[in-house]
Amino acid sequence: MTHYPHLSIEKKWQEAWEKSKCFVAKTPKPGQKKSYVLEMFPYPSGRLHMGHVRNYALGDVVARYKRAKGYAVLHPMGWDAFGLPAENAAIKHKTQPKSWTYKNISAMREQLKSLGFSLDWSREFATCDPEYYSQQQKIFLKFFENDLVYRKSSRVNWDPVENSVLANEQVVDGRGWRSGALVETRQLNQWFFRITKYSTDLLSGLSTLDNWPEKVKTMQTNWIGKSRGAKVCFKIVDSGQKQQNIEVFTTRPDTLFGASFIALSPEHPLSSELAKNNPEIDAFVRECAQLGTSEETIERAEKSGIDTGLTVVHPFDETKTLRVWIANFVLIGYGTGAIFGCPAGDQRDLDFAIKYDLPVLPVVLPEGECADHYQITDKAWTGTGSLFNSGFLNGLKVKEAIKTALSKLEALGIGEAVTQYRLRDWGASRQRYWGCPIPIVHCHACGAVPVPSADLPVLLPDEVSFETPGNPLDHHPDWKHTSCPKCNQKAIRETDTLDTFVDSSWYFARFCSPQAKDPVDSVAANAWLPVDQYIGGVEHAVMHLLYARFFTRALKDCGLLEIKADEPFDGLFTQGMVTHETYKDPDGNWVEPVNVLRSETGLTTKTGRSVTVGAIEKMSKSKLNTVDPAAIIQKYGADVARWFVLSDSPPDRDVQWTESGLEGAARFVSRVWVEVLRISKEPVFTDQKTTTLSKDLVKTTHKTINFISQDIETLGFNRAVARLYSLLNDIKKSTGLEPEQISARRFATKSLVLLLAPFAPHLAESCWETLGCKELVAMTRWPEFDEKWLEEKTLIIPVQVNGKRRSQLSVAFGLDKDELQSLALKDPDIIKSLTGLSLKKIIVVPDRIINIVAK
RNA sequence: GCCCCCGUGGCGGAAUUGGUAGACGCGACGGAUUCAAAAUCCGUUGACCUAACGGUCGUGCCAGUUCGAUUCUGGCCGGGGGCACCA
């Protein structure tokens, strides 16, 4: 077999592409269509992982295809370079976040380049470049001016030993991950983006996103969480409290007669008030605070509560009172931070009621149940039905009862219809060093004062100390000390930095004009935005994508982004993960795939210890089941790695990395190369007619061109790969020596090479050159197919009896129902199958199927 | 806990709008080539029954709609993603 020297070949073409500048984005010419292809930019963790290879290989197929179709293509790359890992690395390795980050970027840039992606490197930037974050500071100030960002007090996880705020992932079982200290919660003044201003718009905008996965739109819809309901006032009986009423939000005012208690969030102002004079309540509220701020933890914790001793009057029945509890499952951030508990109609309320022996009165009777015997035991009924045990609502269906209850509340002046959103304003303050400084100065006299534009950017200090616990910016010797821009008195810089989601909320716009003096140049933005195809992990389905959608709207409203489009990403694709088997040695330690040997007796480590195979999981450092792309590229080449991640698995599903699959990919690359060498040695004939001798291969080629184009447009790359395999097989089977056969073979092979280019670009260039073509494939147009080759003249139609295939007819395309029916009934196999049965019905779908129903 | 998604041979997967389930690849098996092996090439390969023709079952499980369900509906089981300070 002829060896395919991937290392030298791949380098050669990467240099040729760079020299020709064919991937540098050129502004679309008049009348030329544009395509902005973007993959979510990587966090520079230090090394590329297979997830990156897959992500960028997917995008590269689209970018190369669009370029070949004549589009002006923007396909940029950058670095999501701020964030927590750099600080953790700095602490662990005694380095500085800045040098660590830029070193990682260099390493990863080289790795990306070795994969031969068709990226426009001239637009590269990192979000930690002062040029980038200074533009972001301008945006922040513009938002400040337009009341899109503000400060308020909010709760954080606090590690009392590290003296710092903890991310939810840093809280493990209620303790700080490094210190092991019990986590507290603290109130801090923090900066918030007013994303809720756009709640309705972000929601309605989703319906215009036809090229987004339905699941992502559903997730965002649920995240925004629009719900219609009622605010209801419960009057506190003889309270002696300052507060006379408790206001609750409910989507089910129809179930008010089933109310058995009121529950307040532990953070509700009334809870805090009561805690002051009651040590037990105080202890309970503190205990709840130890759960941290994660909604998941709060909701998964066992329901618990404390009776405050207060009672309220039932709004519809003054003779009834309800106890007021404080409960750990009531969230302060949603509604009013207080609920009425209807155990029969809500599982959480029911669990709570059972635990504390509170009354359970069913009020919604499911259809088909008898009111006299219907009981709720351990399963709440949240479905529809008619109301009972509910005074004036009795007999009404749920929907009508909600309306009726609402009107009554409004008439009584103790409630009103409200629309509530689950979406909260975006808390963007981080008490950390490695992020974009917030350009604000705090002055005793003037308050929070924006840094004047002449004084921008507010640069991060290059060197900071992580010796002292807490925010390095806060205890930097001089950084925060400044003077007030208004009154010139001594003042303190804001030491919070911005959430890294801010950086990624507008980078796609910056790529249009990465050197512009303003955040986004409007001419460039209009030329390129929106992003036509955005590709990334589904883990970003809600937050990153919602924040970017919000930023697009906010930037437009502030005049910083002048584009026609309302949405930043026209097409979105969420790719699956790269998984791998996990391995363990007899001591239960994880073993890396490279250290696992396959022998006849099973799997062993290199030192001869037996290895057991565990679950197939997402490649991760913790499970040591990663495969290093660099090693794969070195051994097999970039094209093999790319081909593998694009083969077999649909891009939106997980792909399992296997050695054998990789070998298969390598074999394919060799087979193409060998085949092209064979074809290249054949004589070249021009103007050959196609007759029956060469018809099949020419037809297959035209069909393949059509299919692969469709597969790429619909991002079905695994299907395209399967078709490339097929076409290669057909070319290999073609061995005829007549000139027209040789000619057909050359046509098919040249088409194969062009179709292959988006998937294995280096291989394609080599093959193209070998076939005697002078121009780069990267600059060659996509092959055209001829419609006339796609038409089918005859086809095979299955004939079923009672839904089971019993025969088939080979017929001309387009035969009508009657003809098909009579043909089917004349078929000997069908006659045999029908003996002893009488015909009931015949279903004929022309060009598809015939089904005879008989008894 | 809540929201969302996924489930097809030994494996990854294919299958226009509900219309022949298993394309293509991997693995396995058999053969060719070889002193031998690797590589390569050719063939077979869902399960069960049958000497064969052929038949029965079969798309996580259980129901339903339909002439017909991998595809639509409801319930269940299993796996994954997100839950607001990881990115």
Side-chain angles (χ1 to χ4, degrees), chain A residues 1 40 42-43 45 80 82-85 88 156-157 165-171 190 213-223 225 293-303 329 333 347-348 351 422-432 499-501 503-504 537-544 546-547 574 576-577 579 615-618 647-650 652-656 658 660-665 667-668 670-671 674 710 716 718-719 721-726 729 732 796-805 807-808 840-843 845 848-854:
Chain A
M1 198 195 92
M40 290 178 185
Y43 179 80
S45 57
D80 189 12
F82 274 136
L84 208 44
N88 292 332
V156 294
N157 300 314
V165 177
L166 295 178
N168 282 333
E169 74 155 7
Q170 296 175 321
V171 180
Q190 309 212 72
E214 218 45 56
K215 62 172 173 179
V216 174
K217 289 190 274 185
T218 314
M219 280 189 262
Q220 293 212 357
T221 303
N222 292 337
W223 185 267
T293 58
S294 149
E295 187 173 314
E296 185 195 350
T297 315
I298 293 168
E299 289 205 20
R300 281 165 76 99
E302 198 197 331
K303 313 255 168 307
F329 64 93
Q347 193 60 44
R348 288 172 301 183
D351 295 343
R422 205 184 75 98
L423 183 67
R424 311 199 290 262
D425 276 337
W426 169 14
S429 275
R430 297 292 179 268
Q431 292 69 39
R432 308 193 191 285
D499 180 3
T500 56
F501 272 127
D503 312 336
S504 55
V538 70
E539 66 272 20
H540 294 294
V542 176
M543 300 182 62
H544 160 60
L546 194 65
Y547 292 153
T574 54
M577 300 176 301
T579 62
I616 295 158
E617 302 201 47
K618 177 181 180 173
S647 305
D648 293 350
S649 291
D652 58 347
R653 271 204 236 169
D654 292 352
V655 61
Q656 192 196 337
T658 60
S660 60
L662 188 66
E663 299 283 354
R667 252 195 310 268
F668 174 77
S670 304
R671 278 207 300 260
V674 168
Q710 283 176 24
N718 56 319
R719 292 193 303 265
V721 163
R723 290 186 166 119
L724 287 166
Y725 272 114
S726 281
N729 289 342
K732 287 179 74 168
I796 290 166
I797 294 183
V799 184
Q800 300 178 329
V801 174
N802 290 332
K804 294 202 169 92
R805 200 185 76 91
S807 185
Q808 57 184 33
K840 291 281 171 210
K841 196 175 175 183
I842 303 182
I843 289 110
V845 185
R848 267 286 158 71
I849 202 163
I850 298 162
N851 188 12
I852 301 167
V853 187

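Throughout, protein chains are lettered first and strands after them, A, B, ... in sequence-line order, and every chain is numbered starting at 1.
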Subject >> Heavy-atom closest contact (A/Ala541 atom, A/Met219 atom, distance) >> reply: CB-CE, 3.8 Å
Subject >> Closest heavy-atom pair and its distance - A/Ser429, A/Gln190 >> reply: CB-OE1, 3.4 Å
For [Y], is there any backbone N or O sitting under 3.5 Å from a side-chain donor or acceptor partner on [X]?
| X | Y | value |
| --- | --- | --- |
| A/Gln220 | A/Lys217 | no |
| A/Asn802 | A/Ala854 | yes |
| A/Asp654 | A/Met577 | yes |
| A/Asn851 | A/Gly803 | yes |

**OP:** Name the orientation of the base relative to the sugar in B/G18: syn if the glycosidic angle is within 90° of 0, else anti.
**Re:** anti
Partner nucleotide of [N] by Watson-Crick or wobble geometry (both distances under 3.5 Å):
| N | result |
| --- | --- |
| B/G7 | B/C77 |
| B/U65 | none |
| B/A51 | none |
| B/C35 | none |
| B/A21 | none |
| B/A87 | none |
| B/U45 | B/G27 |
| B/U70 | none |

**OP:** Give A/Lys732 one of three labels, base, sugar-phosphate or nothing, depending on what nucleic acid heavy atoms sit under 4.0 Å from its own.
**Re:** sugar-phosphate
Original post:
With a 4.5 Å limit on heavy-atom distance, are the side chains of A/His540 and A/Tyr547 in contact?
Top reply: no
**OP:** Flag the pair A/Arg432 / A/Phe82 as yes when at least one side-chain heavy-atom distance between them is below 4.5 Å, and no otherwise.
**Re:** no
If the [atom1] atom of [N] is compared with that of [M], how far apart are they to the nearest Å?
| N | M | atom1 | answer |
| --- | --- | --- | --- |
| B/C72 | B/U17 | P | 11 Å |
| B/C61 | B/U71 | P | 11 Å |
| B/G7 | B/G60 | C1' | 6 Å |
| B/A69 | B/U59 | C1' | 10 Å |
| B/A21 | B/U16 | C1' | 15 Å |
| B/U44 | B/G22 | P | 15 Å |
| B/C57 | B/C5 | C1' | 30 Å |
| B/G18 | B/U70 | C1' | 11 Å |

**OP:** Taking salt bridge (Lys or Arg N to Asp or Glu O under 4.0 Å) as the test, write out the residues that go with A/Glu539, two or more places apart.
**Re:** none
Original post:
With sequence neighbours left out, what residues match A/Thr221 under side chain to side chain contact (heavy atoms under 4.5 Å, CB included)?
Top reply: A/Leu203, A/Leu206
**OP:** Return the set of residues passing side chain to side chain contact (heavy atoms under 4.5 Å, CB included) with A/Val171 (not counting sequence neighbours), or none when no residue passes.
**Re:** A/Asn157, A/Leu166, A/Val183
Original post:
Given the rule in the side-chain contact (heavy atoms from CB on, under 4.5 Å) test, do A/His544 and A/Met40 qualify, once you have shown the distances and angles that lead to the verdict?
Top reply: CA-CA 10 Å; A/His544 160 60; A/Met40 290 178 185; 4.1 Å; yes
**OP:** Take nucleotides 82-87 of chain B nucleotide by nucleotide from the 5' end and write B, S or -, depending on whether a protein heavy atom sits under 4.0 Å from the base, only from the sugar-phosphate, or from neither.
**Re:** SBBBBB
Subject >> Under 4.0 Å protein heavy-atom contact, by nucleotide of nucleotides 6-30 of chain B - B base, S sugar-phosphate only >> reply: -S----BSSSBB-BB--BSSSS---
**OP:** Start with the C-alpha gap between A/Arg430 and A/Leu84, add the side-chain angles, then the distance that decides, and say whether side-chain contact (heavy atoms from CB on, under 4.5 Å) holds.
**Re:** CA-CA 10 Å; A/Arg430 297 292 179 268; A/Leu84 208 44; over 6 Å; no
Could you go through nucleotides 57-62 of chain B and list every protein N or O atom that sits under 3.5 Å from one of its N or O atoms, giving the distance for each pair?
none

